[in-house]
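Here is the structure we will look at.
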Amino acid sequence: MGCGTACLAALFGLGARAADLSPPAAPGFIDWSGPYLGLQGSAGASFGNYDFGPTTVGRRRLPTFSTGDATGSRDLGADATTVAAGAFAGWNWQSGPVVYGLEADLVGANLKRGVRSDAPGFGYEGLDAPFALIREKTDLFGAIRGRLGYAFGNNLIYAAAGLTGANGRVLATYPDLTGGPVATASRDVTYLGFTLGAGVQFAVHPHWSLGLDYRYSDLGESRRFDLGVLPGPDGGPVTTRTAFVSNKMMARLTWHPQALALQPDEDEAPKDTRFSLHGQTTFVNQAVGGFRAPYRGPQSLVPDQAQATTTATLFLGLKLAEGTELYYNPEFSQGFGLSRTLGVAGFVNGEAQKAGAPFPKLRSNRYFVRQTFGLGGETEEVPDGPNSISGTRDVERITVIAGKFALGDFFDGNLYAHDPRVDFMNWGLWASAAWDFPANLPGFTQGVMVEYNRAEFAVRAAYTQVPKQPSSDVLDPRVFDRAGTNIEFEGRYALPVLEQPGRLRLGLFSNVGNTADYRQVVALTQGGAFADINEAVSATRAPRRKSGVYVNLEQALTADLGLFARASTNDGRSESLSFTDVDGSVSGGLSLKGTAWGRPQDTVGVGASRNTISRAHRAFFAAGGLGLLIGDGRLNYAPERAVEVYYAMNLTKGVTVSLDYQHVENPAYNRDRGPADFFGTRLHTDF
């Protein structure tokens, strides 16, 4: 495949003379050998897990607990911003595509965790006295690691292992039960342990590369800390013992003094027509500043914080026979959206999952079979790409897909606003927000999708599982009485005036799931049958139907400028199952390529959305109800409005860096909160 004269000469033993006629073949990967140094950091992508215990406060022994465990502890770091930033330096050696080396780094952080003695299970509940607070903070990490990697194209993937250390300070604040002043105490500690990790680098310039680095650090167990004596008849020693595990994901900018010989892009390289292998990584760092927040509920957006999310996906495809293809997509994900992906109905990070985790979590997000039945006539080329195998197919065809997939893979598509990895990130812009598509927590379901396609239009329908209850990660197997049905018509046209293509999609959906009726639970709570409305929700869930419709427009205005618009609504009577707390939504915007300023691969997008909920849904939140993403404990209703602007800069064929800004009015439909401003950066790579 493109081997040339040199390969033929070697094959037939024709000697060096024939080989000399052609220049030596490029190795197909960069030589990463030599020194390097750089900067790394993130806001919100570092997570620590302190184990406290045994801990005593006076005569009471607090349960042994981990700050990652919700029972018996109050995790003071859940809403804190964790910032990590530092420098690193190392040296690589290389043999063929195998890269190995040593690296040292130093990272500053503000990782804080702790526990309060008035948390449930600690034995201080109900005492007419201030609580005791024991916490620990860490502000400096260091590591020496060995790295072993594999180079391909302009990329490097690697694993790392070594020694790591960190400082720590344990602090205690506790009351004088006899009425005296509050006492404080602190003790310093040094941790030493081991670290394991992995990462990826992408060369974007002969002297610069961008990358992502994940690190797990086990920093061992410290000695016992004596933190003073709690006075009074209930008094006694205040002691604790801690252990510390850390997960960090950081973006990296690396300088290479010895220039890297970047490999040329091979747009015309021949593609395998039997197999497809692609991958992606996306790192989103997002922060929100201060805003008006006079009160806070269990699912409120919290001011002044930052969080980060990371995903890494493999797209594997195999052609079993002509027209029959098998696909599998394993995916790692790590991190949380702001406030643990809570507080805004049109959430601000499309990569944030309700199934977020502080460590890389592996899931089999897609596995499905695609069967295509060609109906003859005109054919079209099929590009090689994620979940696509190079070849040709009939334009008029019937496609059947069975297995696990995301309904957004096939429905509600839009050229300008559909992929939060490269375009708009707000949930109200990249999707029809009132479309409650069936899905588990990461956004996938199992079922069957059938599509009939012609050049002028397509009709598609799906029948899939729904979750067992709202925001459940378990899909309900009872597909004959609890399932989701989606139907979409897509019309394709070119307006005579513009002479540019456009598409109009009309979708209908109807899901039956285990949900509660808003009016019923409000009436039961107000009538005194339940003390808390969320108890009424759990007690009255039953199979109920939710139906709705969406309209989706994409229209090219010029070769570089496109317009998109969406409108969606549902009946608003019962709980949403999967997506978000929206009963009506309108959105739209523009997407512009950078041809006018000499960067045709860059994109700038501007969009706006307006989300609403039904009267019954408003009464539910006003009474203290909790939805899929929101719940302030009360509600002063107003529509939730958002504006988003992003600039996506294409650095190389497979690397894009984006800057994103969002302004949200009335987050969670509450006039009493916000407005809130969100700032984000995004690193996306394809390979």
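- Residues D423 and Y646 bring no donor and acceptor atom of their side chains to less than 3.5 Å of each other.
- Rounding to the nearest 0.5 Å places CZ of R566 at 9.5 Å from OG of S585.
- With 3.5 Å as the limit, one finds no donor-acceptor pair spanning the side chains of S510 and T485.
- In this model, a donor atom of one side chain and an acceptor atom of the other lie less than 3.5 Å apart for S339 and Q305.
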CA sep, side-chain torsions, deciding dist, call: Q201, S209, side-chain hydrogen bond (donor to acceptor under 3.5 Å, both in side chains): CA-CA 6 Å; Q201 283 180 250; S209 65; 3.1 Å; yes
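- Of all heavy-atom pairs between D583 and K546, the closest is OD1-NZ, 4.3 Å.
- A distance-only check finds a donor-acceptor pair linking the side chain of E640 to the backbone of A668 [under 3.5 Å].
- Under 3.5 Å, the side chains of H278 and D384 contain a donor-acceptor pair of N or O atoms.
- Ion pairing between a basic and an acidic side chain is recognised when a charged N comes within 4.0 Å of a carboxylate O; E451 and R370 show no such pairing.
- Note on R505 versus E554: salt bridge recorded, some NZ/NE/NH1/NH2 to OD/OE distance being below 4.0 Å.
- Closest approach of N387 to L316, counting heavy atoms only: OD1-O, 4.5 Å.
- Expressed to the nearest 0.5 Å, how far CG of N426 lies from CG of D660 amounts to 8.5 Å.
- Looking at E396 and Y452, their side chains do bring a donor and an acceptor atom within 3.5 Å of each other.
- Separating the CZ atom in F621 from the CD1 atom in I613 is a distance of 5.5 Å, to the nearest 0.5 Å.
- Note that CZ of R544 is 7.0 Å distant from OG of S574, once rounded to the nearest 0.5 Å.
- Taken to the nearest 0.5 Å, the OH atom of Y214 stands 11.5 Å off from the CE atom of M250.
- Across A638 and N666, no two heavy atoms sit closer than the pair CB-ND2, 3.5 Å.
- Checked by atom type, the side-chain pair D632/S300 shows a donor-acceptor distance below 3.5 Å.
- Within the model, atoms CG of L563 and CG of L553 stand 6.0 Å from one another, a figure rounded to the nearest 0.5 Å.
- Comment: R393 does not engage E325 in a salt bridge, judged by the lack of any side-chain N to carboxylate O separation of less than 4.0 angstrom.
- When all heavy atoms of L475 and N440 are compared, the closest pair comes out as CD2-N, 4.0 Å.
- Between the side chains of Q280 and T313, a donor-acceptor pair is found at a separation under 3.5 Å.
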Test log, rule side-chain hydrogen bond (donor to acceptor under 3.5 Å, both in side chains), inputs Y367 and Q446: CA-CA 9 Å; Y367 42 81; Q446 297 181 139; 2.8 Å; yes
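- For residues 581-606, no residue pair satisfies the ring-ring contact (aromatic ring centres under 6.0 Å, His included) rule, not counting sequence neighbours.
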Test log, rule side chain to side chain contact (heavy atoms under 4.5 Å, CB included), inputs L314 and L277: CA-CA 7 Å; L314 278 179; L277 171 61; 4.1 Å; yes
